[in-house]
Amino acid sequence: MHVATDEPVLLAPTLLGGQSFRFRAIGDAFAGVVEGDLWTLATAPGGLAWTSARRRGRARLARYLGLDGSYPAALERLSQDPVLAPVVARHAGLRVLRQEPWETLVAFVTSANNHVPRIEGILARLAEAAGEPRDDGEVPYHAFPDADAVARLGERRLVSLGFGYRAPYVRATARAVARGDCDLEALREASCGEAREALLALPGVGPKVADCVALFGLGHGEAFPVDRWIARAVADRFFEAGEAPRDLKAFALARWGSDAGLAQQFLFHAARVEGAHGRRAPGASRLASSAAP
DNA sequence: CCACGGCCTGATTC
DNA sequence: AGAATCAGGCCGT
């Protein structure tokens with residue numbers, strides 16, 4: 001199937017850049033499980049080529065990637081920022097995904113003090129252990145397990161899947177969501193601040209994780225997750241040494257408003273591939289050295 | 001309110 | 001080779 005779009009879409013940094021953890025590159029295409037179905041995506045002339053067993057896949061894909069026509073205007077607004085403009089120009093097509101809230105919540109509780117490749121492995125094993133098996137194409141796969149299924153696994157099993165010391169957090173959070181103590185769907189309609197506060201009440205969810213869930217899972221575009229990369233990128237790009245404010249979220253909201261989340265994604269991606277301050281990003285040397293015998 | 005140490009785990013680094 | 005270091009933080013003190 002094919003979806004036409006004249007909007008820029010950069011699949012690789014969008015799907016593999018640390019927002020979602022269940023996509024992998026297969027040649028020039030990307031395969032991943034979204035909303036319980038296996039998808040393959042690739043850039044194609046005039047748009048995207050995609051496959052999925054799901055009916056009405058085009059609409060779901062458009063929603064997931066945010067192909068609603070609003071992106072060019074957002075790029076235009078961010079490009080008014082003289083500091084951000086060159087970053088936006090270099091990576092136009094990088095998008096904020098609209099993922100399922102529950103999966104996003106588990107993923108980012110898992111992300112705390114952790115590496116992306118390890119997060120991917122943990123979530124893959126979780127899906128295999130507790131997610132509904134599917135076999136509607138060439139390769140079988142597993143849907144992401146719902147909160148009840150995760151809670152049922154138990155703490156020890158979660159540890160064995162690799163969650164480590166986060167296992168009790170994941171289980172307690174799963175229980176809270178499964179019982180309805182935390183209604184994630186309702187938080188989509190709530191304000192970003194209300195959503196953030198509700199998420200912060202969950203074990204294993206601090207400020208950074210709450211903002212990631214608000215942004216990537218609940219569609220709150222003003223959420224501005226501050227991690228060490230963003231803290232350094234903002235300090236380096238927008239302030240003289242030692243003059244960065246304590247509250248970077250307030251800075252971001254004042255500067256970019258409801259585009260703060262997208263701005264964050266550009267800054268994060270730029271920091272990782274370009275390195276902050278012109279320094280090489282970790283991984284650059286690894287790739288170089290691993291090429292040698 | 002704020003600063004600080006500890007933490008599963010495993011890939012990478014030294 | 002075997003020991004540190006580090007990773008998109010969070011929690012408890």
Side-chain angles (χ1 to χ4, degrees), chain A residues 13-23 87 91 94 96-97 99 103-126 153-174 176 182 196-217 223-237 245-250 252 260-276 279-292:
Chain A
T14 299
L15 298 174
L16 307 178
Q19 294 185 59
S20 65
F21 300 92
R22 291 201 74 199
F23 272 92
V87 179
H91 304 289
L94 174 64
V96 170
L97 295 170
Q99 303 179 70
E103 179 172 342
T104 308
L105 176 58
V106 175
F108 283 93
V109 167
T110 308
S111 79
N113 196 24
N114 215 342
H115 297 266
V116 169
R118 211 167 84 82
I119 299 164
E120 292 172 345
I122 292 168
L123 296 178
R125 290 192 291 277
L126 176 65
L153 278 180
E155 189 178 317
R156 296 193 63 85
R157 188 70 198 285
L158 291 170
V159 170
S160 77
L161 293 173
F163 283 93
Y165 66 83
R166 306 166 197 81
Y169 302 151
V170 169
R171 179 165 150 81
T173 286
C182 179
R196 190 166 180 277
E197 194 145 340
L199 292 168
L200 284 173
L202 299 169
V205 178
K208 193 273 181 178
V209 170
D211 283 327
C212 283
V213 176
L215 180 60
F216 304 133
F224 189 79
V226 177
D227 57 33
R228 46 185 101 199
W229 291 91
I230 290 299
R232 196 172 69 182
V234 171
D236 287 353
R237 292 178 183 272
R246 212 169 62 269
D247 191 350
L248 296 181
K249 298 159 65 64
L262 182 58
Q264 178 272 165
Q265 205 57 32
F266 277 108
L267 290 169
F268 178 73
H269 184 243
R272 301 214 74 169
V273 302
E274 300 170 8
R279 288 191 292 269
R280 270 195 306 182
S285 59
R286 172 174 56 83
L287 293 172
S289 60
S290 63

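This structure is a prediction, so every number in the text was calculated from the model and none was measured. In what follows, every chain begins at residue 1, and chains take the letters A, B, ... in the order their sequences are listed.
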Practice problem: Mind calculating the distance between CZ (F268(A)) and P (dG9(C)) to the nearest angstrom? | Solution: 9 Å
Quiz item: Can you tell if the side chain of L215(A) reaches within under 4.5 Å of the side chain of P225(A), non-hydrogen atoms only?
Solution: yes
Quiz item: Picking from dC2(B), dC7(B), dG8(C), which would you name as closest to the side chain of Y165(A)?
Solution: dC7(B)
Quiz item: What distance, rounded to whole Å, do you find between the two P atoms, one in dT5(C) and one in dG5(B)?
Solution: 14 Å
Quiz prompt | Closest to side chain of H115(A), choosing from dG10(B), dG9(C), dG8(C) | solution = dG10(B)
Self-check item: Rounded distance in Å - CZ (F21(A)) to P (dG8(C))
Solution: 9 Å
Quiz item: Whole-Å distance between dC10(C) C1' and D211(A) CG?
Solution: 14 Å
Practice problem: Taking atom P in both dG8(C) and dT13(B), compute the distance separating them and give it to the nearest angstrom. | Solution: 14 Å
Quiz item: Which of these nucleotides, dG8(C), dG9(C), dC2(B), is closest to any side-chain atom of N113(A)?
Solution: dG9(C)
Exercise. Measure from CZ on F216(A) to C1' on dG8(C) and round the result to the nearest Å.
Key: 9 Å
Quiz item: Base, sugar-phosphate, or nothing for G164(A), non-hydrogen atoms under 4.0 angstrom?
Solution: base
Quiz prompt | Base-pairing assignment for dG8(C) (Watson-Crick or G-U wobble, both under 3.5 Å) | solution = none
Exercise. Check the distance between dC8(B)'s P and R171(A)'s CZ and give it to me in whole angstrom.
Key: 18 Å
Exercise. Could you tell me whether V109(A) contacts a base, only the sugar-phosphate backbone, or nothing, with contacts defined as non-hydrogen atoms closer than 4.0 Å?
Key: nothing
Quiz item: Do K208(A) and dG9(C) share a donor-acceptor pair, side chain to base, under 3.5 Å?
Solution: no
Quiz item: Is the phosphate of dC10(C), meaning OP1 or OP2, less than 4.0 Å from a side-chain N or O of R166(A)?
Solution: no
Exercise. Mind calculating the distance between CD (Q264(A)) and C1' (dG8(C)) to the nearest angstrom?
Key: 9 Å
Quiz item: Can you tell me how far C1' of dT9(B) sits from CZ of R125(A), to the nearest Å?
Solution: 10 Å
Quiz item: Between atom CG of L105(A) and atom SG of C182(A), what is the distance when rounded to the nearest 0.5 Å?
Solution: 7.0 Å
Quiz item: In Å, rounded to the nearest 0.5 Å, how long is the span from OG1 of T110(A) to CZ of F21(A)?
Solution: 8.5 Å
Practice problem: Could you work out the separation of dC10(C) and dA11(B) based on their C1' atoms and round it to a whole Å? | Solution: 22 Å
Practice problem: Would you mind classifying the nucleic acid contact of V209(A) as base, sugar-phosphate or nothing, using non-hydrogen atoms under 4.0 angstrom? | Solution: sugar-phosphate
Quiz item: Under 4.0 angstrom, heavy atoms only, what part of the nucleic acid is P203(A) near: base, sugar-phosphate, or nothing?
Solution: sugar-phosphate
Quiz item: Taking the side chain of R228(A) as heavy atoms from C-beta outward, which of dG9(C), dT9(B), dC11(C) is closest to it?
Solution: dG9(C)
Practice problem: Describe the nucleic acid contact of G18(A) in one word from base, sugar-phosphate, nothing, applying a heavy-atom distance below 4.0 Å. | Solution: base
Quiz item: How many angstroms lie between CZ in R166(A) and OG1 in T173(A), if you round to the nearest 0.5 Å?
Solution: 13.0 Å
Quiz prompt | Presence of R118(A) side-chain N/O under 4.0 Å of dA7(C) phosphate oxygens OP1/OP2 | solution = no
Quiz item: Would you say H269(A) and Q264(A) make side-chain contact, with heavy atoms under 4.5 Å?
Solution: no
Quiz item: So, do Y169(A) and F163(A) have ring centers that fall under 6.0 Å from each other?
Solution: no
Quiz item: Relative to the 5' end of DNA chain C, which residue comes earlier, L202(A) or C212(A), by the nucleotide with the nearest heavy atom?
Solution: C212(A)
Quiz item: For I122(A) and dA7(C), what is the distance between atoms CD1 and P respectively, to the nearest whole Å?
Solution: 16 Å
